[in-house]
Amino acid sequence: MSVTILLRFANCNYESDMSGQKKCLLLFTSYLGLLAETSPAHAAVNRHTKPKPHAAKHAASVPQKPSTPESVSVTASRLTSHGMEQTITRKTMDAFVPGTSPLQVLSATTPGVSFASDDPFGMDTWANTFYIRGYTQSQLGITLDGIPLGDGQFINASGLDINQAVIQDNIGHVDMSQGGGALDVNSITNLGGALQYYTADPRDKMGGDVSQTFGSNSTYRTFAKFESGILNHTGTKFSASYARTDAGKWKGVGDQFEQQANFKIIQPLGTRGKISGFFNYSEFDQYNYSDLSLEIIQKLGQRVDYYYPNYATAYHAAQGTYPAGYEKLSDPADASYYDGAQKQRNYLTGINLQYDLTSRLHFKSVLYDHQSGGNYEWTNPYVSSPSGAPMIQQVGQTSVTRLGATASLQYDIGHHEIQSGVWYEHVGYTWAQRYYSQPVPGEGTPRNALGPYNNPFATAYAMMFNTNTFQYYLEDAYKILPNLRAHAGFKSMLTTTAGGATQNDPTYTGQDTLPNGSLTTAGAFLPHVSLNWTFLHHNELFFDFSKNLRAYTYNTWQSGNAWGVNEMPRNLKPETTFNYEVGYRYNSKPLTILINLYHIDYRNRLATITVGSLVNAHNSYINVGNMNMWGADAGVTVRPVQNLEIFNSFSYNKSTYGRDVVSDGVNYGIARKLEAGYPQWMYKANASYSYKDARLNFNVNYMSRRYISYMNDASVDGYWLATLSANYRFHHIPHLAMLELNLGIYNLFNQQYVGGIGGYSLSGDTQQLFAGAPRQFFGSLHARF
C-alpha cells in the first residue's frame, strides 16, 4: 500500500491545474495517514534495537575524550531525506595541496562533476567554471553549516562563493547530492544537485595547527589555528583560525592575495543539544588573468596577458598602435587592456541551534547575516578620459546584504521521520559602474587596479534590487521494511525581486532608459520522492525523482538576466526541471561499484548570449525552450591489497536545446545542439597507496571538448589533467602531536588547455576563455600541537 501511494504521488499530474495539485496533496496526505497504522509497541522495540540518528547527532554536545583522526577517505553513500548522497571526507581533501578549492577536489574525485579555472588553487572566481551533470554553480543548492550560499556565479548578487565563505582547512566534510537536490537545502536557484558544506567542530583538547606552503610563482600560504579545548564543566569550546595566501601569477605581472579569518564557538545544552556560532571574514585582492578567445590563442598563444605594468604600451594600443602580432587579430583593441582586477570583502555570521525537545521531537534553527562589498576593475580602451588619455579605468562596485533564518522540526514515530521547515531571507544588492580618468603619460601616475577608487568623472549606470524569499517544506523518511526505505515530500517557494536601474547616463549606455520592475517566482508544490532497496549482501538499488524551480536572478544591467534588457520581457517563465535518477551500488571491503542513470526534463531554459567587447558586453537573455538531458555515471573502486585503493569513473551526458533562437532577425538553428560549456565525456582515475606513515596519491582527469557557442560551431579541445602528491607523517617529535610533510605537483604532464569559460556566444568565437595553469610545484609542512 505504501509503495503504491508513493508511485502514484511521483506520477500525479501536478503540472495540470489547481485540481491536479490538490490531487497530489491528497495523495501525500494519504501517505502520511499510514502513520496511524504504526504500532506504538513496535516503535518502542525499534527505539531499543537501533539508536535514533539524533543520539549520534548530539553525541558531541557533552565533553568527551579527544577523538582519533579520521582514517577512512573512500566516498560513502547513504539514503537521507534527499535521496542518494555522496560524502567527501577531510582526508580526501588533505590529499591535495592545502588551500585547494573544494570545488576542484569535488571535480577530481566525483563522477559527473567538472571544474576548470586558470590558477592551480582554483580560487579565482572570475575564471572558475563548475558543473554537476550539466548544471552550473548558479543552478545548484549550496549551504554552509545550514546557511544558504545562494547563486554561486561570479559577482554573486545573492550569496557567497564557498572559497570566500570559509577557509578550506576548516571544512570537515561535504555532502553532495547529484540528483534533484534536497528539500531541506534552502535555495531559490536549485534546479538539480546540492552541496552541503560542514565545518569541523572545535576539538575537545587544547592545541592548534600551523601549516606553511611554498610553491611555484613565489606562492606562500600560511594557515594557523588555535583550539581552546573544553573550557568548563558545561563543555564550552572554540577555535580561531587565520589563512593568508600570496601567489604570483603564472603569466603576466601581479599577484593574487587572499586572507581569511574564521571563529567558531560551541556551547552544549546539557545532553539535549548545542548552540554554535561562527564568524567568517575574507579579503580577496587579485590581479586577474586576461580573457582570451580561440583567435587570440591560435595567433598569439596562451601566455597573452594584460599589459600591466607597461602603461606606455597600453596607451599606444588604445591609440591604435599595437605590439607586434596584434595586427593579425580581427579586433586588436579587444585584446589590448592595461589591467583587470577584483577586490572583495566578505563577512558571514551565523548562529546554529540544535535541541531535542523530547526524545522524538527535534528542533534546528539557523540565524545568519552576510555582508559583502566588491570592486571589479578593467582599463577600457573604448572610452576616453577627460585628461585626454584614450582609455579609462572602469570599475563595477557592488554591495550585498543578506539577512535570513531557517527553522525545522523533526518528529520520529515508529518507522517514520517526519520533518518540516521554513526559510525566510531578505537580500539587498546594489551595482554601480563608474568611470575614472587615466593620465596622459608624464602627467600623472596610472591608477592602480586595486584602488583606491576616488573621484569618478562619470557613473554610467547604477542598479538596486531587493529580494524577499519564503520557503516551506514537508517530508517523511519511512522505513517500510528493514531493507526498503522511502522518502516523500514537497516544498513551496515564493520569491519576489523588485528593482532595476536607479541611474543612467545615455552617453555611456546608449539607452534612454534602463529596465526597472518586479518579478515573482512562485511554486506551490515541488515534490521529491526517493526509494532505496538493499538486497542480498552489499547490493543496493535506488530511485529519485524531483521537480525543481529556479527564481529569476539578477546582476548587472549588461549581464544576462530579466533586468538586462531595455524593456523587461513580459512572457518570461521561470526555469523548471524534472529530475529522474535510478542507480545501483555494490559496496564491500575489496570492491565498490556505483552506476547512475539519469534523465532531466528542463522547461523554459533561459540562456545568456554574450555579444560585444569584453568591457562593453551586452548579453541577451533568451528562452531557448525545453531541454533534454540524458546521462550516466559509473565508478569502480578496487582495493586489491591493504592500503591500496584504485578508483576509476566514466561519465556521459547528452544535453540538447529544444528550439531555435531568433536574434536580430536571424534564425539560429540551435535545436538539438549540445549544451555549451559541459563536456559529453569525462574520465577520472585516482590511485592512493599508503605504507605506515607515508601516502602517495595520483589523480588524473579527462574532459572532452566543450562547445563555446550555442550553435556548436566553436569549441575548445578536450584535455588530460594530472596531479601527484606525497605525504609523510612524523611522530614522536617533542611538543608536537603530529608533523606532516606534503609535496604536490599540479598539471604533472604540463598540459596546455583552456580552463574556465566565462560566457558563450550564439555563434562563433568568444573572448571569455581562460588558459589553464602550466605545471606547478608545491610543498607544505603541517604541525599539530
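Heavy-atom basis, side chains included; hydrogens, waters and symmetry copies ignored.
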| query | Does the side chain of Thr379 come within less than 4.5 Å of Asp339's, by heavy atoms? | reply | yes
| When you check the side-chain N and O atoms of Tyr760 and Thr766, is any donor under 3.5 Å from an acceptor? | no
| Trp378 and Trp126 aromatic ring geometry - parallel, tilted or perpendicular at 30°/60° bounds | perpendicular
| query | Excluding sequence neighbours, so at least two apart, what forms side chain to side chain donor-acceptor pair (under 3.5 Å) with Ser385? | reply | none
| field | Partner residues of Glu295 under the salt bridge (charged side-chain N to carboxylate O under 4.0 Å, His left out) criterion, sequence neighbours left out | value | Lys299
| task | Using only heavy-atom distances, determine whether the side chains of Glu258 and Gln286 contain a donor-acceptor pair under 3.5 Å. | result | yes
| message | Main chain of Gly764, side chain of Asp713: is a donor-acceptor contact present, judged purely on distance under 3.5 Å? | response | yes
| task | For the residue pair Tyr135 and Tyr602, categorise the inter-ring angle as parallel (less than 30°), tilted (30 to 60°) or perpendicular (more than 60°). | result | tilted
| For Pro120, does its backbone N or O pair with a side-chain atom of Gln104 as donor and acceptor, under 3.5 Å? | yes
| Arg434: partners by salt bridge (charged side-chain N to carboxylate O under 4.0 Å, His left out), with sequence neighbours left out | none
| task | Of all the heavy-atom pairs spanning Ala317 and Ser336, show the shortest one and how long it is. | result | CB-CB, 3.8 Å
| said: Could you tell me if Gln511 and Asn504 have a donor-acceptor pair between their side chains, going purely by distance under 3.5 Å? | reply: no
| request: Indicate, with yes or no, if the rings of Tyr289 and Trp250 have centres closer together than 6.0 Å. | output: yes
| said: The criterion is salt bridge (charged side-chain N to carboxylate O under 4.0 Å, His left out); which residues satisfy it with Arg706, sequence neighbours excluded? | reply: none
| Closest non-hydrogen atom pair, Asp765 against Ser293 | OD2-CB, 3.5 Å
| Just checking, is any N or O donor in the side chain of Thr100 or Tyr746 under 3.5 Å from an acceptor N or O on the other one? | no
| Mutual orientation of the aromatic rings belonging to Tyr311 and Tyr338 [parallel < 30°, tilted 30-60°, perpendicular > 60°] | perpendicular
| task | Over all heavy atoms of both residues, which pair between Met463 and Thr502 is shortest? Give the atoms and the distance, please. | result | N-OG1, 3.9 Å
| said: Distance alone, cut at 3.5 Å: any donor-acceptor contact between the side chains of Thr430 and Ser399? | reply: yes
| Is any side-chain heavy atom of Asn310 less than 4.5 Å from a side-chain heavy atom of Val253? | no
| What class does the angle between the rings of Tyr337 and Tyr382 fall in, given that below 30° is parallel, 30 to 60° is tilted and above 60° is perpendicular? | tilted
| task | Using a 4.5 Å cut-off on heavy atoms from C-beta on, say whether the side chain of Tyr552 contacts that of Thr495. | result | no
| query | ring pair (Phe, Tyr, Trp, His ring centres under 6.0 Å) with Phe121: which residues, sequence neighbours excluded? | reply | Phe778
| request: State yes or no: are the ring centers of Tyr668 and Tyr710 separated by less than 6.0 Å? | output: no
| task | Return the set of residues passing salt bridge (charged side-chain N to carboxylate O under 4.0 Å, His left out) with Arg345 (not counting sequence neighbours), or none when no residue passes. | result | Glu283, Asp285
| field | Student check: side-chain heavy atoms of Gln164 and Gln344 closer than 4.5 Å | value | yes
| query | Between the side chains of Tyr424 and Asn468, does any donor sit under 3.5 Å from an acceptor? | reply | yes
| message | Among Ile147, Thr143, Val166, Ile142, exactly one meets side chain to side chain contact (heavy atoms under 4.5 Å, CB included) together with Tyr197. Which residue is that? | response | Ile142
| query | Relative to each other, are the rings of Tyr287 and Tyr308 parallel, tilted or perpendicular (30° and 60° limits)? | reply | parallel
| Looking at Ala341 and Leu450, what are the two nearest heavy atoms and their distance? | CB-CD2, 3.6 Å
| message | Parallel, tilted or perpendicular, judged at 30° and 60°: which one describes the rings of Tyr508 and Tyr435? | response | perpendicular
| task | Go through the steps for Gln371 and Thr401 under the test side chain to side chain donor-acceptor pair (under 3.5 Å), then give the verdict. | result | CA-CA 5 Å; Gln371 307 287 329; Thr401 297; 2.9 Å; yes
| Short side-chain donor-acceptor distance under 3.5 Å, Thr520 and Thr496 | yes
| message | Could you tell me if Glu425 and Tyr368 have a donor-acceptor pair between their side chains, going purely by distance under 3.5 Å? | response | yes
| query | Should the pair Tyr322 and Tyr326 be assigned to parallel (<30°), tilted (30 to 60°) or perpendicular (>60°) ring geometry? | reply | parallel
| note | Closest non-hydrogen atoms of Leu140 and Ser187, given as atom of the first, atom of the second and distance, are O-OG, 3.6 Å
| field | Met464 atom CE, over 12 foreign heavy atoms within 6.0 Å | value | no
| query | Would you say the side chains of Asn288 and Glu377 form a donor-acceptor pair under 3.5 Å? | reply | no
